[in-house]
There are 2 protein chains.
Amino acid sequence: MQDALSRTFSALADPTRRAILARLRRGEATVSQIAEPFLTQMTLPGVTKHLKVLETAGLVTKSRDAQWRPCTLNVAPLTDATAWMEEYRVQMEASLDRLGLYLKSVTNTTLEPNDDDAAADNDAQTV
Amino acid sequence: MQDALSRTFSALADPTRRAILARLRRGEATVSQIAEPFLTQMTLPGVTKHLKVLETAGLVTKSRDAQWRPCTLNVAPLTDATAWMEEYRVQMEASLDRLGLYLKSVTNTTLEPNDDDAAADNDAQTV
DNA sequence: ATTATACTTTACCAACTGGCTAATTAACCG
DNA sequence: CGGTTAATTAGCCAGTTGGTAAAGTATAAT
């Protein structure tokens, strides 16, 4: 199909799949346990399909226990994705610096962890 | 369409688009300048489409200068993606620890930056 | 043997993606 | 004005994605 990194990013590009990963972060779970919170919006085969995508991306490993399929999280592909992002870290920090300068110029406040003014404007698109 | 994070990951899930971002990391470039390295494998409208995806994901900003469209990198969406990944940092570190222990048990060697044995096995899928 | 549980597979569908060619828009140059 | 350069738009197409319902498989329980 495509390269591993593309498969990883592609697998992460869906809120349901990210929610499945978040669930598995709390520990192993069977397919039905994973599916349960989604069954109001989606059928079981739908969840199975999402799991398949995560599986082929190497993010989830499925094992067998009688008729159950316990799934576990496998973060190895995430380290590659993180490494890719890391290349842009310098620019991201510069971007955050610009945010800090901007906020300082607008609110006359520095960026402190629990500064409400800063937090409120944190999701501004461009700085 | 979908949420911002999904749009970001989706935009990153293509090697051509990642290459475009890498190009823009070196500085502003017009559409034809960006397209040039890809024209052996793809036409100009193809590149335009990829740029559109990056633009709607907020990763690229296009401005106007006569008939040229200078594009710049915008890393803001990457900080959100990085923040999402950060949630899995603990598991990633544990995974790397397991890699270290495994390598130690197999090669009787610790993980050193320039250890050839360790580097050669670094891309092993599961540890 | 039958039934129930857990899950997958198949077949179908609409929508999206990624590519193309050809046509169009917009700006500059002489 | 007419031509050239830069880029986008339109229309087409094949393949993928994300969902469904219905049928199938495998294991356990009675």
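Reckoned from all heavy atoms, side chains included, excluding hydrogens, waters and symmetry mates.
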Student: Could you check which residues of residues 38-53 of chain A get a heavy atom under 4.0 Å from DNA chain D? Sort them by number, please.
Tutor: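 Hits under 4.0 Å, by residue number: A/Gln41, A/Met42, A/Thr43, A/Pro45, A/Gly46, A/Lys49, A/His50.
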
Student: Figure out the CD/P separation between B/Gln2 and C/dC16, and round it to whole Å.
Tutor: 10 Å

Student: Hey, is the side chain of A/Arg17 poking within less than 4.0 Å of OP1 or OP2 on D/dG18, counting only N and O atoms?
Tutor: yes

Student: List the residues meeting side chain to side chain donor-acceptor pair (under 3.5 Å) with A/Arg18, not counting sequence neighbours, and say none if there are none.
Tutor: B/Asp3, B/Ser6

Student: Output the distance between atom CD1 (A/Ile20) and atom CG (A/Leu73), rounded to the nearest 0.5 Å.
Tutor: 11.5 Å

Student: CZ of B/Arg7 versus C1' of C/dC16: gap in Å, rounded?
Tutor: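 From B/Arg7 CZ to C/dC16 C1': 15 Å.
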
Student: Just jot down the salt bridge (charged side-chain N to carboxylate O under 4.0 Å, His left out) partners of A/Glu28, sequence neighbours excluded, or say none.
Tutor: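 A/Glu28 satisfies salt bridge (charged side-chain N to carboxylate O under 4.0 Å, His left out) with no other residue.
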
Student: Between P on D/dT8 and CH2 on B/Trp68, what's the gap in Å once rounded to a whole number?
Tutor: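 After rounding, the reported distance stands at 14 Å.
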
Student: Using whole Å, what does the distance between atom P of nucleotide D/dT17 and atom CG of A/Leu12 come to?
Tutor: 14 Å

Student: Going by the rule side chain to side chain contact (heavy atoms under 4.5 Å, CB included), which residues pair with A/Glu87 if we only count those two or more places apart in sequence or in a different chain?
Tutor: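 Counting only residues at least two positions away or on another chain, A/Glu87 forms a side chain to side chain contact (heavy atoms under 4.5 Å, CB included) with B/Arg25.
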
Student: Between atom CG of B/Leu21 and atom CD1 of B/Ile34, what is the distance when rounded to the nearest 0.5 Å?
Tutor: 9.5 Å

Student: State whether A/Arg64 places a side-chain N or O below 4.0 Å from either non-bridging phosphate oxygen (OP1 or OP2) of C/dA6.
Tutor: no

Student: For A/Arg69 and D/dA26, give me the distance from atom CZ to atom P, rounded to whole Å.
Tutor: 10 Å

Student: In whole Å, I'd like the distance from the CD atom of A/Glu55 to the C1' atom of C/dT9.
Tutor: 14 Å

Student: With side chain to side chain donor-acceptor pair (under 3.5 Å) as the rule and sequence neighbours excluded, what pairs involving residues 46-55 of chain A come up?
Tutor: A/Arg17-A/His50, A/Glu55-A/Lys62

Student: If I take atom CD in residue B/Glu36 and atom P in nucleotide D/dT5, what distance separates them, rounded to the nearest angstrom?
Tutor: 16 Å

Student: Of all of residues 23-30 of chain A, which get a heavy atom below 4.0 angstrom from DNA chain C, listed by number?
Tutor: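 Residues of residues 23-30 of chain A under 4.0 Å from DNA chain C: A/Thr30.
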
Student: Not counting sequence neighbours, which residues clear side chain to side chain donor-acceptor pair (under 3.5 Å) with A/Glu93? List them please.
Tutor: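 Applying side chain to side chain donor-acceptor pair (under 3.5 Å) to A/Glu93 gives A/Arg89.
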
Student: For B/Ser10, give me all partners under side chain to side chain donor-acceptor pair (under 3.5 Å), at least two apart in sequence or on another chain.
Tutor: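 With neighbours one apart ignored, the set is empty.
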
Student: Using atom types as modelled, flag every donor-acceptor pair under 3.5 Å from a side chain in residues 77-84 of chain A to any protein atom, sequence neighbours excluded.
Tutor:
residue : atom : partner : partner atom : Å
A/Thr79 : OG1  : A/Ala76 : O            : 2.6
A/Thr82 : OG1  : A/Leu78 : O            : 2.7

Student: Rounding to a whole Å, what distance do you find between A/Lys62:NZ and C/dA6:P?
Tutor: 16 Å

Student: Between B/Gln67 and A/Gln67, who's closer to the 5' end of DNA chain D by nearest nucleotide?
Tutor: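 Nearer the 5' end of the strand: B/Gln67.
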
